Q: 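First, the structure itself, so that you have it in front of you.
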Amino acid sequence: MSERNERPAGTAGPFARDNRMDSATRAFVAHRNLLFTLTYEIIGSATDAEDVLQESWLLWAGVDIGTVLDQRAYLIRIATRQALKRLRTLDRRKETYVGPWLPEPLLTALDVAEDVELADSVSMAMLLVLETLQPTERAVFVLREVFGLDYGEIAEAVGKSPAAVRQIARRARSHVAARRPRGTGSPAEHRAALQAFQRAVETGDLQSLLDILAPDVVALSDGGGVRHALPRPVVGVGNVARLLAVGWWKRDAERSVELVQINGGPGLLVRVDGEIDGVLAVRVENGYVTGAYHVRNPEKLSHVERETAVSR
């Protein structure tokens, strides 16, 4: 009897392994932008989110995906657990951070602003609100309010019972609602306000700044101890206007300001002698600037050199 080219039952040859890995890769790539957005919103750091994706990929590559009924849900579960581990480590690093800590800014495409809920969820203002939540609260809020997972799926991701997740979600939603921006207006109106703000900053025109800033405007800056930044928040239209007119905008070098999309909304990319010096993300509510978030820490500027895709 001639030999047949068969594999013993229960074994897998190299082609089967290759096919399985190809399927795993395709699934991961298909969901990568979603997973990045999820982990970025949980952590607030794009660099750490990229690291979490690498860790998640290694875990996913070891899974027999033939047994996975819902690949999206499974990948979200892996990424959420890794993001929570990283967030707790990052929280410890923040305790020794020099000066105010701001989220790592992203240069995003114009079409992100068209998805209002997505743009709001990745905005600097919202990320700062999420910073006030406990790690599990933050993950539950993002999974429920941004990605629309049901309580059972979230429970699997965070290691809690569905009943506990419901309570956490309710608490987090109430906390965020009390602090989130309440502005109205279209992206075009926001952009027009920022253009006026840009002209005022470029010229150092104090009156123009007074006209565009809200009475209770807040300015924060993050230099990470590497570059000069505000040691504490500056509050109030007069204080912030003077800061922008004569403080931050020093004319001691060749500077340029470019209007770009930062975290789903309009912002300013600042260059000094042709090199990126910082990003100024702006919160606009009802036609007035209510928040200015200036990131100068060089370690946080790698994701403003090219667009980062976000999705949900």
Side-chain angles (χ1 to χ4, degrees), residues 17-97 101-108 118 121-122 127 130-131 133-144 146-149 152-160 165 168 224 263 297-312:
R17 288 195 296 272
D18 288 346
N19 288 336
R20 189 165 61 246
M21 187 57 67
D22 287 345
S23 297
T25 301
R26 285 194 298 271
F28 193 86
V29 170
H31 294 95
R32 189 188 187 285
N33 291 345
L34 177 152
L35 296 174
F36 172 82
T37 307
L38 167 70
T39 54
Y40 173 67
E41 291 188 18
I42 292 175
I43 299 172
S45 165
T47 301
D48 285 280
E50 293 283 5
D51 289 344
V52 166
L53 288 195
Q54 290 295 324
E55 296 164 1
S56 299
W57 159 248
L58 293 175
L59 292 172
W60 174 244
V63 172
D64 180 0
I65 65 171
T67 64
V68 177
L69 298 178
D70 187 335
Q71 294 180 349
R72 178 179 182 272
Y74 199 100
L75 283 165
I76 285 176
R77 187 187 314 164
I78 292 175
T80 298
R81 291 176 178 176
Q82 296 305 113
L84 281 171
K85 291 180 183 177
R86 183 59 63 100
L87 179 59
R88 294 182 176 106
T89 300
L90 187 59
D91 283 345
R92 290 193 292 272
R93 297 207 309 253
K94 290 175 189 174
E95 293 175 1
T96 58
Y97 194 79
W101 187 94
L102 288 174
E104 187 175 346
L106 303 176
L107 184 67
T108 51
L118 175 61
S121 71
V122 299
L127 291 175
L130 294 180
E131 279 295 309
L133 297 173
Q134 295 298 315
T136 301
E137 289 178 334
R138 184 167 181 166
V140 168
F141 180 86
V142 171
L143 290 169
R144 180 64 179 172
V146 181
F147 292 91
L149 270 65
E153 291 175 303
I154 299 172
E156 289 282 345
V158 301
K160 302 284 186 180
V165 165
I168 293 170
N263 287 65
N297 184 348
E299 294 182 359
K300 293 186 176 183
L301 298 176
S302 62
H303 283 76
V304 297
E305 297 176 352
R306 63 189 184 283
E307 287 184 359
T308 297
V310 294
S311 66
R312 61 191 179 98

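Because the structure is predicted, anything quoted here is derived from the model rather than measured. Computed from heavy atoms alone, side chains included, the values below leave out hydrogens, waters and symmetry copies. Numbers here simply count residues along the sequence, with the first being 1.
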Q: Is there a side-chain hydrogen bond (donor to acceptor under 3.5 Å, both in side chains) between R77 and T80? Walk through the geometry before answering.
A: CA-CA 5 Å; R77 187 187 314 164; T80 298; over 6 Å; no
Q: Out of R88, R81, R86, which residue meets the side chain to side chain contact (heavy atoms under 4.5 Å, CB included) rule with L84?
A: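 When R88, R81, R86 are each tested with L84, the side chain to side chain contact (heavy atoms under 4.5 Å, CB included) holds only for R88.
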Q: Hey, does R312 have a side-chain heavy atom less than 4.5 Å from the side chain of T37?
A: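 Contact flag for T37/R312 side chains = no.
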Q: Identify the heavy atoms of A155 and V165 that sit nearest to each other, and give their distance.
A: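 Closest pair (atom of A155, atom of V165, distance): CA-CG2, 3.7 Å.
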Q: Any chance you could measure H31, atom NE2, to L53, atom CG, to the nearest 0.5 Å?
A: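 If we round to the nearest 0.5 Å, H31:NE2 and L53:CG are 13.0 Å apart.
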Q: Apply the side chain to side chain contact (heavy atoms under 4.5 Å, CB included) test between S56 and each candidate in V52, L59, L58; give the one that qualifies.
A: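 Per the side chain to side chain contact (heavy atoms under 4.5 Å, CB included) rule, the option paired with S56 is V52, out of V52, L59, L58.
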Q: To the nearest 0.5 Å, what is the distance between CD1 (I43) and CD (E131)?
A: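 Going from CD1 on I43 over to CD on E131, the span is 11.0 Å.
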Q: Measure the CD1-CG distance between I78 and L35 for me, rounded to the nearest 0.5 Å.
A: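 With rounding to 0.5 Å, CD1 (I78) is 9.0 Å from CG (L35).
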Q: Between W57 and T25, is the side-chain contact (heavy atoms from CB on, under 4.5 Å) condition met? List the steps.
A: CA-CA 9 Å; W57 159 248; T25 301; 3.4 Å; yes
Q: Any salt bridge between D91 and K94, counting N to O under 4.0 Å?
A: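 Yes, this pair counts.
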Q: Stepwise, does the side-chain contact (heavy atoms from CB on, under 4.5 Å) test hold for V140 with L143?
A: CA-CA 5 Å; V140 168; L143 290 169; 5.8 Å; no
Q: Apply side-chain hydrogen bond (donor to acceptor under 3.5 Å, both in side chains) to E104 and list each qualifying residue two or more places apart in sequence or on a separate chain.
A: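 Testing E104 for side-chain hydrogen bond (donor to acceptor under 3.5 Å, both in side chains), a comparison that skips the adjacent residues, returns S45, T47, H303.
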Q: Just how far is it from atom OG1 of T39 to atom CD of E50, taken to the nearest 0.5 Å?
A: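 Here the interatomic distance stands at 8.0 Å.
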Q: Please step through side-chain contact (heavy atoms from CB on, under 4.5 Å) for the pair K300 and W101, ending with a clear verdict.
A: CA-CA 11 Å; K300 293 186 176 183; W101 187 94; 3.2 Å; yes
Q: So, do L301 and E305 sit near enough that their side-chain heavy atoms are less than 4.5 Å apart?
A: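 Sidechains of E305 and L301: no contact.
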Q: Check A79 against L38 and note the closest heavy-atom contact, atom names and distance.
A: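 Closest pair (atom of A79, atom of L38, distance): CB-CD2, 4.3 Å.
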Q: Nearest heavy-atom pair of W60 and A24: which atoms, and what distance?
A: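 Heavy atoms only, the tightest pair is NE1-O, 2.9 Å.
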Q: Using every non-hydrogen atom in the two residues, find where S23 and I65 come nearest and quote the distance to one decimal.
A: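 Result for this residue pair: CB-CD1, 3.3 Å.
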Q: What pair of heavy atoms forms the shortest contact from T308 to L106, and how long is it?
A: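 The pair with the smallest heavy-atom distance is OG1-CD2, 4.2 Å.
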Q: Measuring from L118:CG to F147:CZ, what's the distance to the nearest 0.5 Å?
A: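 Taking CG in L118 and CZ in F147, the distance rounds to 7.5 Å.
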Q: So R138 and L127, side-chain contact (heavy atoms from CB on, under 4.5 Å) or not? Walk me through it.
A: CA-CA 10 Å; R138 184 167 181 166; L127 291 175; 4.1 Å; yes
Q: Could you pull out the closest heavy-atom pair between R144 and L149, with the gap in Å?
A: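 The pair with the smallest heavy-atom distance is NH1-O, 3.0 Å.
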Q: Using 30° and 60° as the class boundaries, would you call the ring planes of F36 and Y40 parallel, tilted or perpendicular?
A: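 Taking Y40 first and then F36, their aromatic rings lie parallel (interplane angle under 30°).
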Q: Could you tell me if the side chain of V122 sits less than 4.5 Å from the side chain of E41, heavy atoms only?
A: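 Sidechains of V122 and E41: in contact.
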Q: Looking at CG of D48 and CG of L87, how far apart are the two atoms once the value is rounded to the nearest 0.5 Å?
A: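 If we round to the nearest 0.5 Å, D48:CG and L87:CG are 9.5 Å apart.
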Q: Enumerate donor-acceptor pairs with a distance under 3.5 Å from any side-chain N or O in residues 66-74 to protein atoms, sequence neighbours excluded.
A:
from	atom 1	to	atom 2	distance (Å)
T67	OG1	D64	O	2.7
D70	OD1	R72	N	3.2
D70	OD1	A73	N	3.1

